[in-house]
Amino acid sequence: MTEVIEDRAGSAVDDYDAICRTVRLCLEGEAEGDVDKLRRAFHTDARMFGSLGGERFDVPIEELFALAASAPADTGRYRSRILAVQQTGDAAVATVAEEGYWGSVSFVDYFSLARIDGEWTIVAKLFAHTGGEPPPS
């Protein structure tokens with residue numbers, strides 16, 4: 001008799017697709033200023049780290065939600081691409097390029113994700129400002 005051991009993780013392709021769906025949900029939320037999408041993508045205890053225009057943003061993720069609601073990324077030129085996904089077990093990292101954020105700003109983002117209770121969620125966003133000038137506050 002062969003013992004069947006159930007694999008909670010699923011296949012590599014299923015995991016990749018689920019990770020990408022979560023990251024895309026975040027990117028859509030930022031582009032559209034849709035806080036509901038952002039809340040669905042991020043863990044409630046997530047944080048964001050990075051620097052923009054010389055100002056540090058090492059903050060609870062709620063600050064990203066407020067920023068997106070007040071100033072959505074897509075002002076007509078925004079686009080983003082998932083460049084890479086690396087996943088081991090219940091941990092993953094996704095690398096994303098964003099261009100045209102608020103019209104002219106570019107970023108490279110590193111999203112840390114965890115599979116919690118079978119669902120992929122973003123637990124941290126680390127970003128690097130790679131070009132363009134942020135709009136005046």
Side-chain angles (χ1 to χ4, degrees):
M1 175 178 258
T2 304
E3 181 181 2
V4 176
I5 299 173
E6 188 173 316
D7 183 6
R8 290 183 40 229
S11 76
V13 172
D14 291 339
D15 284 336
Y16 176 87
D17 289 346
I19 291 163
C20 288
R21 274 192 303 274
T22 299
V23 171
R24 279 192 215 99
L25 192 60
C26 166
L27 297 171
E28 290 170 9
E30 286 187 62
E32 301 164 4
D34 188 330
V35 175
D36 180 58
K37 286 182 178 181
L38 291 168
R39 286 191 196 289
R40 291 179 8 230
F42 282 93
H43 188 276
T44 56
D45 293 329
R47 294 192 56 90
M48 179 174 68
F49 300 89
S51 177
L52 174 61
E55 182 179 348
R56 291 294 311 173
F57 288 88
D58 303 334
V59 297
I61 206 62
E62 286 289 332
E63 291 197 26
L64 173 64
F65 300 171
L67 178 62
S70 68
D74 192 357
T75 58
R77 297 184 43 189
Y78 177 80
R79 62 189 191 147
S80 61
R81 294 292 178 274
I82 298 172
L83 303 177
V85 172
Q86 294 183 319
Q87 179 250 333
T88 305
D90 290 338
V93 176
T95 305
V96 171
E98 294 181 282
E99 298 174 351
Y101 205 106
W102 301 314
S104 68
V105 179
S106 296
F107 296 102
V108 172
D109 304 320
Y110 302 93
F111 292 98
S112 296
L113 296 93
R115 182 179 17 227
I116 301 172
D117 297 328
E119 298 293 325
W120 287 101
T121 186
I122 301 169
V123 296
K125 175 182 179 175
L126 173 64
F127 68 89
H129 174 206
T130 57
E133 291 297 319
S137 301

Undergrad: OG1 of Thr121 to CD1 of Ile19: how many Å apart, nearest 0.5 Å?
TA: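 Answer rounded to 0.5 Å: 12.0 Å.
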Undergrad: Can you name the nearest heavy-atom pair linking Ala31 to Pro72, along with the distance?
TA: O-CB, 3.3 Å
Undergrad: With rounding to the nearest 0.5 Å, note down the distance linking CZ in Phe57 to CG in Leu126.
TA: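 That separation rounds to 14.0 Å.
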Undergrad: Do Tyr110 and Phe49 have side-chain heavy atoms sitting under 4.5 Å apart?
TA: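 When only atoms from C-beta onward are counted, Phe49 and Tyr110 do not touch, as no gap falls below 4.5 Å.
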Undergrad: How long is the span from the CD atom in Glu119 to the CG atom in Leu113, to the nearest 0.5 Å?
TA: 12.0 Å
Undergrad: What closest approach, in Å, do Ala46 and Ala124 show between heavy atoms, and which atom pair accounts for it?
TA: CB-N, 4.4 Å
Undergrad: Return yes if a side-chain donor-acceptor contact under 3.5 Å exists between Tyr78 and Glu98, otherwise no.
TA: yes
Undergrad: Side chains of Trp120 and Asp15, heavy atoms from C-beta outward: is any pair under 4.5 Å?
TA: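 Side-chain contact under 4.5 Å: yes.
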Undergrad: Consider only side-chain heavy atoms of I, L, V, M, F, W and Y, link residues closer than 4.5 Å, and tell whether Leu64 and Leu25 are in one cluster.
TA: no
Undergrad: Kindly say whether Ser104 contributes a backbone atom to a donor-acceptor pair with the side chain of Arg77 at under 3.5 angstrom?
TA: no
Undergrad: Under a 4.5 Å side-chain heavy-atom rule over Ile, Leu, Val, Met, Phe, Trp and Tyr, are Tyr16 and Val93 clustered together?
TA: no
Undergrad: Crowded around Arg79 CZ? As in, over 12 foreign heavy atoms under 6.0 Å?
TA: no
Undergrad: To the nearest 0.5 Å, tell me how far Arg115 CZ sits from Thr22 OG1.
TA: 11.0 Å
Undergrad: Is the shortest side-chain heavy-atom distance between Leu52 and Phe107 below 4.5 Å?
TA: yes
Undergrad: Check whether any side-chain heavy atom of His129 sits under 4.5 Å from a side-chain heavy atom of Pro134, and report yes or no.
TA: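 Yes, at least one pair of side-chain atoms sits under 4.5 Å.
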Undergrad: With sequence neighbours excluded, give me every side-chain hydrogen bond (donor to acceptor under 3.5 Å, both in side chains) pair touching residues 23-33.
TA: Glu28-Lys37, Glu30-Tyr101, Glu30-Lys125, Glu32-Lys37
Undergrad: Kindly indicate whether the side chain of Ser11, heavy atoms from C-beta on, has any atom under 4.5 Å from the side chain of Val13.
TA: yes
Undergrad: Is there a path of hydrophobic side-chain contacts, each under 4.5 Å between heavy atoms, that joins Val123 and Phe65?
TA: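 Unlinked, Val123 and Phe65 end up in two clusters.
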Undergrad: For residues Gly50 and Asp58, report the shortest heavy-atom separation together with the two atoms involved.
TA: N-OD1, 3.4 Å
Undergrad: Can a salt bridge be assigned to the pair Arg21 and Asp17 using a cut-off of 4.0 Å between side-chain N and carboxylate O?
TA: no
Undergrad: Before giving the answer on salt bridge (Lys or Arg N to Asp or Glu O under 4.0 Å), spell out for Glu62 and Arg39 the whole-Å C-alpha distance, their side-chain angles and the decisive distance to 0.1 Å.
TA: CA-CA 9 Å; Glu62 286 289 332; Arg39 286 191 196 289; 2.6 Å; yes
Undergrad: Testing Val108, Val85, Asp109 for side chain to side chain contact (heavy atoms under 4.5 Å, CB included) with Thr95, which one passes?
TA: Val108
Undergrad: Out of curiosity, Ile61 CD1 to Arg47 CZ, how far, rounded to the nearest 0.5 Å?
TA: 9.0 Å
Undergrad: For Thr75 and Gly103, work out which heavy atoms get closest and say how close.
TA: OG1-N, 3.1 Å
Undergrad: Test of understanding: clusters of I, L, V, M, F, W, Y form through side-chain heavy atoms closer than 4.5 Å, transitively. Do Val59 and Leu67 belong to the same one?
TA: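 Same hydrophobic cluster.
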Undergrad: Any side-chain heavy atom of Cys26 sitting closer than 4.5 Å to one from Leu38?
TA: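 Contact flag for Cys26/Leu38 side chains = yes.
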Undergrad: Can you list the residues that meet the side-chain contact (heavy atoms from CB on, under 4.5 Å) rule with Gln86, with sequence neighbours excluded?
TA: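 Partners of Gln86 under the side-chain contact (heavy atoms from CB on, under 4.5 Å) test: none.
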